[in-house]
Asks: 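A single structure is presented below for examination.
Note that the structure is predicted; figures quoted are calculated from it, not measured.
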Amino acid sequence: MSERTSSTTIHRDRPLITAWSAVSPFGLGRDAFAAGVGRGEPAYQVPDFETRKVLGKAGTRTFDRATGLAVTAVRELLGEAEAAQSPIATGGGTALVLGTTLGSAHSAAGFSRASFEGDKPYDVPAQLMPNVLMNGPAAATAIRFDLKGPNTTLAGGAAGGLLALGYARRLLAAGRAERALVGAVEEQSETREWLAGENDRPSGEGSAVLLVETGRTLPPGRRVLAELLALDVRLDVDDDPQAALAATVLDALAQADATADQVWAAAVTGQPARDRLAELVGSEAVDRVPDLLGDTGSAATVFSLTTVLSLAEQDPAAAGRLAVIASLDHQGLAACAVLRLTGGDR
C-alpha cells in the first residue's frame, strides 16, 4: 500500500482525523465555526457562554470556564457524530488528550488569593480545588462522557495542540486506545492577560476537539478528513527561533516524503512566523488560512487545523493536497504537523 502523499490511498496504520467540533468565538459546534471562518471576521470571546446555561445545572456547579469550554466541545463532537449516524464509541477504548498552557490561570489565582484572604491559610473553597489542577477539564470531560481510556493533559503553550496530537499518535500506535479525542482549551480572563504581559494580539478563547482513529479500527461509513503524515518538534538552541521554525517545517515535510509545492494550506500564528512560513511553502498556502481568533494559546494549532478542514470541505481542489500546521512560541519551541487532506476518502 502506497505511502506517497500524491496517492489518495489511506495508510492503515496512520492516524486519521475523522471528525471535529469546536466551541469558539463563532459559537457552539462545527457548523458555527465553519460559518465564522466563511465570514472572515475576527472574533475573540465565546458569545453568551455561561457553563450552567449551556450544560445544565447537574454536575456543573463547580466547573470553571475552561472546564465548561472543554466539556461543551466534546459534547458537540459526540452529538454531531450521533446526528450524522456515525456515533463515536466511548468506554475503555477511547482516550482523551487535551493541550493547555497552564490550565485555568483565573481559577489558580483565585484559589491562591483565598488562602491569603481567609482567617487561616486553609480557609479556601475546597470544592474548587479541581479547577486549580491543569488536568481538571480533561478529568471532568472524561467523567461526564464515560471516556475510560487514557486521560492526558499536556502543558505545552502554543505547541500544546500539536503535542496532544503527537501523544495520541503514540497511544494509537501502542494499542493503548482504539480512538482518541484530541484537542486543547484556553479561557479568556483578566488573569491570563496579565500573565501574558504586553501582547500585540488580543487574547482569544475556546476549545477544539478532533476524533483521531486508524484504519485498523475505523467503523463502517466513517469519513476520513485528513491523514497525519508527520509531526516534528524542536527547541531553538541557537537564539534563532525563525531558523528553528524553518527546520521543523522542512524536517516534517521530509518525514512525509513531500515537497513544498504539494502544500495547499499552511498556518502558524504571529506575523513574523507567517512570513517565514510563506517563504517555505508559498504565500498562497499561508494566505488561504485566516488568523481570526486572536491569541488562543495551546488551542491555536487545533483551531488552525479545524479552519483548514472547514476550507477544504468547500474546495474540491484540496483533496489529496497537504496542510502544514506549525507553531512557534516566545521561548523558541517550534512544532509542525503535515497532513494530507483526503476529501472524505475511506
Side-chain angles (χ1 to χ4, degrees), residues 14-17 20 22 24 70 73 95-102 134 137-138 150 152-173 180-186 204 206-213 225-236 241-242 244-256 258 263 265-270 273-274 276-277 280-281 285-286 289 291 293 295-309 322-341:
R14 281 190 182 134
L16 309 173
I17 297 174
W20 63 272
S24 74
L96 176 63
V97 187
L98 284 183
T100 184
T101 298
L102 45 75
M134 286 187 290
T152 306
T153 298
L154 295 173
L162 293 183
L163 296 178
L165 189 58
Y167 191 94
R169 178 177 63 172
R170 295 191 294 274
L171 287 178
L172 296 174
L181 306 185
V182 183
V185 61
E186 294 286 357
S207 180
V209 185
L210 314 168
L211 173 61
V212 181
E213 304 176 272
L225 305 176
E227 181 181 11
L228 178 63
L229 303 180
L231 199 154
D232 188 80
V233 181
R234 69 186 60 220
L235 182 65
D236 170 33
Q242 298 300 327
L245 174 65
T248 196
V249 170
L250 294 175
D251 276 9
L253 285 170
Q255 292 172 31
V263 178
V268 68
T269 57
R274 284 175 67 89
R276 187 69 181 99
L277 187 58
L280 298 171
V281 301
V286 174
V289 187
D291 184 7
L293 303 180
D295 180 6
T296 53
S298 63
T301 51
V302 193
F303 278 133
S304 292
L305 181 48
T306 56
T307 298
V308 169
L309 294 175
L322 301 185
V324 168
I325 309 297
S327 70
L328 178 66
D329 68 17
H330 67 281
Q331 295 178 322
L333 180 64
C336 178
V338 177
L339 303 101
R340 183 169 65 86
L341 304 168

Asks: Could you tell me the separation between the CZ atom of Arg340 and the CG atom of Leu16, rounded to the nearest 0.5 Å?
Replies: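 Spacing of CZ (Arg340) from CG (Leu16) equals 9.0 Å.
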Asks: Is any side-chain heavy atom of Gln255 less than 4.5 Å from a side-chain heavy atom of Leu231?
Replies: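 A side-chain contact under 4.5 Å is absent here.
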Asks: Tell me the closest heavy-atom pair linking Val302 and Gly161, and the distance in Å.
Replies: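 Minimum heavy-atom contact is CG2-CA, 3.6 Å.
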Asks: If you round to the nearest 0.5 Å, how far is OG1 of Thr307 from CD1 of Ile325?
Replies: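 Nearest 0.5 Å value for the CD1-OG1 distance: 8.0 Å.
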Asks: Can you name the closest pair of heavy atoms from Ala299 and Gly206 and give their distance?
Replies: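 Residues Ala299 and Gly206, closest heavy atoms: CB-O, 4.2 Å.
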Asks: Begin from the C-alpha positions of Gln242 and Leu328 and carry the test side-chain contact (heavy atoms from CB on, under 4.5 Å) through to its verdict.
Replies: CA-CA 8 Å; Gln242 298 300 327; Leu328 178 66; 3.8 Å; yes
Asks: Would the distance check show the side chain of Ser207 and the main-chain N or O of Ala184 forming a donor-acceptor pair, the cut-off being under 3.5 Å?
Replies: yes
Asks: Between Leu162 and Val233, does the side-chain contact (heavy atoms from CB on, under 4.5 Å) criterion hold? Intermediate values first, please.
Replies: CA-CA 9 Å; Leu162 293 183; Val233 181; 5.8 Å; no
Asks: Would you find a donor on one side and an acceptor on the other, under 3.5 Å apart, between the side chain of Glu186 and the backbone of Ser298?
Replies: yes
Asks: How close do Val268 and Ala326 get, counting heavy atoms only, and between which atoms?
Replies: CG2-O, 3.4 Å
Asks: Find the distance between CG (Leu165) and CG (Leu228) and round it off to the nearest 0.5 Å.
Replies: 5.0 Å
Asks: As a quick check of understanding, evaluate side-chain contact (heavy atoms from CB on, under 4.5 Å) for Leu322 and Leu339, giving each step before the final call.
Replies: CA-CA 6 Å; Leu322 301 185; Leu339 303 101; over 6 Å; no
Asks: Check whether any side-chain heavy atom of Val263 lies under 4.5 Å from a side-chain heavy atom of Leu253, and answer yes or no.
Replies: yes
Asks: Short question: side chain of Ser304, backbone of Ala300 - any donor-acceptor pair under 3.5 Å?
Replies: yes
Asks: Counting C-beta onward and ignoring hydrogens, is there a side-chain heavy-atom pair between Gln331 and Asp329 closer than 4.5 Å?
Replies: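 In short, these two side chains touch, coming nearer than 4.5 Å.
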Asks: Could you state the interatomic distance from OH (Tyr167) to OG1 (Thr152), rounded to the nearest 0.5 Å?
Replies: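 It comes to 3.5 Å.
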Asks: A side-chain contact here means heavy atoms from C-beta on lying under 4.5 Å apart; do Val281 and Val286 qualify?
Replies: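 Yes, side chains in contact.
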Asks: What's the shortest heavy-atom distance between Leu163 and Gly156, and which atoms?
Replies: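 Of all heavy-atom pairs spanning Leu163 and Gly156, the closest is CD1-CA, 3.8 Å.
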Asks: Check whether any side-chain heavy atom of Asp251 sits under 4.5 Å from a side-chain heavy atom of Arg234, and report yes or no.
Replies: yes
Asks: To the nearest 0.5 Å, tell me how far Leu245 CG sits from Cys336 SG.
Replies: 7.5 Å
Asks: Only one of Leu171, Leu181, Val209 clears side-chain contact (heavy atoms from CB on, under 4.5 Å) with Val97; which?
Replies: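 Output: one option passes, namely Leu171.
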Asks: Apply side-chain contact (heavy atoms from CB on, under 4.5 Å) to residues Leu210 and Thr306 and explain how you reach the verdict.
Replies: CA-CA 8 Å; Leu210 314 168; Thr306 56; 4.0 Å; yes
Asks: Where do Ala230 and Ala252 come nearest, in terms of heavy atoms and distance?
Replies: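 Heavy-atom minimum between the residues: CB-O, 3.3 Å.
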Asks: Hey, could you give me the CG/CH2 distance between Leu309 and Trp20, rounded to the nearest 0.5 Å?
Replies: 7.0 Å
Asks: Are the side chain of Thr248 and the backbone of Asp232 linked by a donor-acceptor contact shorter than 3.5 Å?
Replies: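 Pair found, side chain donor or acceptor close to backbone of Asp232.
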Asks: Which heavy atom of Val182 sits nearest a heavy atom of Ala168, and at what distance?
Replies: CG2-CB, 3.4 Å
